[in-house]
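Reviewing the structure listed below.
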Protein chains: 2
Amino acid sequence: MASGTQQSDTSQSSKTPTVTMRDVARESGFSPTTVSITLNDAPLARYLPAETKARIKQAARKLGYRPNPFARSLVSKRSQLIGVMVFDITDPWCTPILRGIEKTLYESSYVTIFTDSHNDPTRFERYLEMLLDRRVEALVIVANWLFLDINVLADLRKRDIPTVLIGPELGISSISSVVLDNEAGAYKAIQHLYELGHRDIAFIRGPELLSDTASRWTGIRAFADSVGLAIDPDLVLDLAESADPMSSFDGGIALVEELLRRGKRFTALMAFDDMTALGAMRALAHAGISVPGQCSVIGFDDIGPASIATPGLTTIRQPTEQMGSFAAARVIEEVHAAHKSPGPKPVHHHKVNPELIVRESTAPPTPV
Amino acid sequence: MASGTQQSDTSQSSKTPTVTMRDVARESGFSPTTVSITLNDAPLARYLPAETKARIKQAARKLGYRPNPFARSLVSKRSQLIGVMVFDITDPWCTPILRGIEKTLYESSYVTIFTDSHNDPTRFERYLEMLLDRRVEALVIVANWLFLDINVLADLRKRDIPTVLIGPELGISSISSVVLDNEAGAYKAIQHLYELGHRDIAFIRGPELLSDTASRWTGIRAFADSVGLAIDPDLVLDLAESADPMSSFDGGIALVEELLRRGKRFTALMAFDDMTALGAMRALAHAGISVPGQCSVIGFDDIGPASIATPGLTTIRQPTEQMGSFAAARVIEEVHAAHKSPGPKPVHHHKVNPELIVRESTAPPTPV
DNA sequence: TCCCGAAGTTCGATTTAAATG
DNA sequence: GCATTTAAATCGAACTTCGGG
């Protein structure tokens, strides 16, 4: 059954005969030039009588003509290809971004070449070269973690290919980006806890090398200072460095255990991200501490698992899908602009706003 | 600062000059033919003196020569492109598969064109056309849900482009596939519960239209029959039809509530998939029923959220990454084979084995 | 299939310049 | 000059054929 004989399909068996423009020309009785002009609706098509165009189009349809993209790209020098480089497809933060990119690219005539660097610089550079060799017209980089050194990015600028980086803030940079307002997000998070009545709040901060860590902490400090809330240094722990998204889950577990060991009272915990928060909830559960009954937990990112955890995780949502859409739109815009006037384009930095999503993991502290 | 003046980069400013094979020929002092032969290590290269080859290669390196893929594809008729169509990138089941595909494609010289059909037949067909128009050499389809009608698939066969479908079993079909042995998986799941001592087991089955539903149920029946376990029809509920992965989470909640309403005793619950199981755990928690203390829960798939839920979800793992790798390898193989001898290739169906992953959500029933 | 190298044709389209009535 | 159409050059590489050494 599996490989059986193929009975049907009498004539047009094995390979498709590849019908070319020439064939359409022959079929319609016009020259290849005229065919090209009509089918592309080129400027000169204005002078062609409707009758001619109709005949040509019908011939094309009849033969099932499909223009060869390589021949086309060869002369137009446009690949209609957009390169997308994800740092780690395994990270649930990335997938909605991909969805966003795909949504806006779907409307255009561009097609996506997908690559995944596994957070590995070597792989990143090799893929980058591949993409460039393939003549992608633009690049969208989805970076959940930043190891990139400036040289690589500068190189991109030099090659004059529109690029947008989604993810970490990387301060002054020569490359366009779409980043979250981490400071505002963290501010909203702690404000939420504070308004519920929490005063003894523990914090798990991100890895020091990650720029997001600093900005989120700045947001936290800003709110704390504004209401005169004291932050106990003993209740502040840092996640270790790592490029594996799962590691912050484990980190969350380990650091909560450490927190518990220290014995200081806290009624709420603000985690660096959702993975950490989920790890923390696991550790809390194992210690017999109920969430949010005895301890509220708030995360950051609003990745998929946050909403299907029990209790549902209160968190700060990154509008990931919009970020992806925006980046893709931006990059297409730049391609069009470059088409009009070549040369380096201005760099844009777009900052998007996070949103507080209240679920089940936060509640007012229970009076002692 | 953003758009500032660009000081460095004296000469090679705006656009890259695109160095062609001709330039390399001129630089090295040989003809384009000789350059082509050496750079591609064509058969004729055997006769070229090392000296010549070295000079040419050096010239190429010096000029930063990059062969134009369009010119190349135009004559070779090979695009070096593999189309990947995901039904829903948002579904956590898909991402490890993508990773697997990417891993094996990385080693090859192929590049991935990524598309996401959103479980929408219209979108699927439009993307399919796009991929075909781009002359992809093969296709990998990652289907978490099956709406495809046979016509579309048959069409693919006719076009003679190697295709592998990852996902649902679709019985007799004309297209190669990589599917999970759902029956074996379900068998292992219920066996696990049974061996823990559970006898009153509730079931949430999948939507009727999904082929996986039937095979998993077959596995369950097979085990039950083999040990003489009775299945109470009142403890068997069905998920509604839907293409949204989140819907089974909601379904899990709703059906557990229904189950509880019925008032029949059960000490374990076997869910159609992890999403359903996670929903079930939420409903159980809300009803004040502890997992696994008062009720064990087992899922299916082992998607990412299963391991970071609390309690960790016991489940049946699909070797998703391997499935992706395998499919990609298979497809490349077929491309090579087709290169040697054209014509339709035999269809292969590969069935992979699931694995029981025991976490925290299952335990022996507590004696009443 | 001795060794080395190059001229010329081809792939399938776009585009310019020009020819026809 | 105008409306209508097309021959011919071009894009960048690969391959076939051929000519000397």
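Every chain is numbered from 1 and lettered A, B, ... according to where its sequence line falls, protein lines coming before strand lines.
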For this session: Would you indicate, yes or no, if D:dA14 has its OP1 or OP2 atom less than 4.0 angstrom from a side-chain nitrogen or oxygen of B:Asn40?
Result: yes

For this session: For the pair B:Phe124 and B:Phe87, name the ring-plane relationship: parallel under 30°, tilted 30 to 60°, perpendicular over 60°.
Result: perpendicular

For this session: Check every nucleotide of DNA chain C for an atom under 4.0 Å from a heavy-atom of chain A, then give the first and the last such nucleotide from 5' to 3'.
Result: C:dG12 to C:dT16

For this session: Send over the distance from A:Arg135 CZ to D:dC11 P, rounded to a whole Å.
Result: 15 Å

For this session: Rounded off to whole Å, could you give me the CZ-to-C1' distance for the A:Phe30 and D:dA3 pair?
Result: 14 Å

Exercise. Base, sugar-phosphate, or nothing for A:Thr52, non-hydrogen atoms under 4.0 angstrom?
Worked result: sugar-phosphate

For this session: Would you mind telling me which residue lines up with the more 5' stretch of DNA chain D, B:Arg66 or B:Leu44, judged by nearest nucleotide?
Result: B:Arg66

For this session: State, without any angle test, whether A:His350 and A:Arg330 hold a side-chain donor-acceptor pair at a distance under 3.5 Å.
Result: no

For this session: Could you tell me whether B:Pro49 contacts a base, only the sugar-phosphate backbone, or nothing, with contacts defined as non-hydrogen atoms closer than 4.0 Å?
Result: sugar-phosphate

For this session: Using five pairs at either end of the helix from C:dC2-D:dG21 to C:dG21-D:dC2, determine the angle between the two local helix axes and round it to 10 degrees.
Result: 70°

Problem set entry | Rounded interatomic separation in angstrom, taking CZ from B:Phe70 and P from D:dG12 | 12 Å

Problem set entry | Heavy-atom pair of closest approach, residues A:Ala138 and A:Val331 | CB-CG1, 3.5 Å

Problem set entry | Between P of D:dT5 and OH of A:Tyr47, the distance in whole Å | 14 Å

Exercise. Heavy atoms under 4.0 Å, any strand shown: does A:Ser76 hit a base, just sugar-phosphate, or nothing?
Worked result: nothing

Exercise. What are the two closest heavy atoms between B:Ser28 and B:Ala59, and how far apart are they?
Worked result: CB-CB, 3.8 Å

Problem set entry | Donor on one side chain, acceptor on other, B:Ser31 and B:Thr34, under 3.5 Å | yes

For this session: Find out whether the Lys NZ or Arg CZ of B:Arg123 is both under 6.0 angstrom from the six-membered ring centre of A:Tyr106 and within 45° of the ring's axis.
Result: yes

Problem set entry | Nearest-angstrom distance from the residue atom CG of A:Leu74 to C1' of D:dA13 | 8 Å

Seminar exercise, completed: B:Asp41 atom CG is separated from D:dA14 atom P, nearest whole Å, by 12 Å

Exercise. What nucleotide among D:dT16, D:dT4, D:dG12 has an atom nearest to a side-chain atom of A:Lys77?
Worked result: D:dG12

For this session: Can you label the angle between the B:Phe114 ring and the A:Phe114 ring as parallel, tilted or perpendicular, going by 30° and 60°?
Result: tilted

Problem set entry | Test side chain to side chain contact (heavy atoms under 4.5 Å, CB included) applied to B:Thr95 and A:Asp116, A:Thr95, A:Leu98, the passing residue | A:Thr95

For this session: Let me know the distance between CD1 of B:Ile37 and C1' of D:dA14, rounded to the nearest Å.
Result: 9 Å

For this session: Please report the C-alpha distance between A:Lys53 and A:Asp41 in whole Å, then the side-chain angles of each, then the deciding distance to 0.1 Å, and finally whether the salt bridge (charged side-chain N to carboxylate O under 4.0 Å, His left out) criterion is met.
Result: CA-CA 9 Å; A:Lys53 296 198 264 191; A:Asp41 205 29; 5.1 Å; no

Exercise. Of the non-hydrogen atoms in A:Ala25 and A:Pro32, which two are nearest, and what is the gap between them?
Worked result: CB-N, 3.6 Å

Exercise. So, is B:Ser36 close to the D:dA14 phosphate, meaning a side-chain N or O under 4.0 Å from OP1 or OP2?
Worked result: yes

Problem set entry | Atom pair distance, as rounded to whole Å: CG in B:Asp23 and C1' in D:dA13 | 13 Å

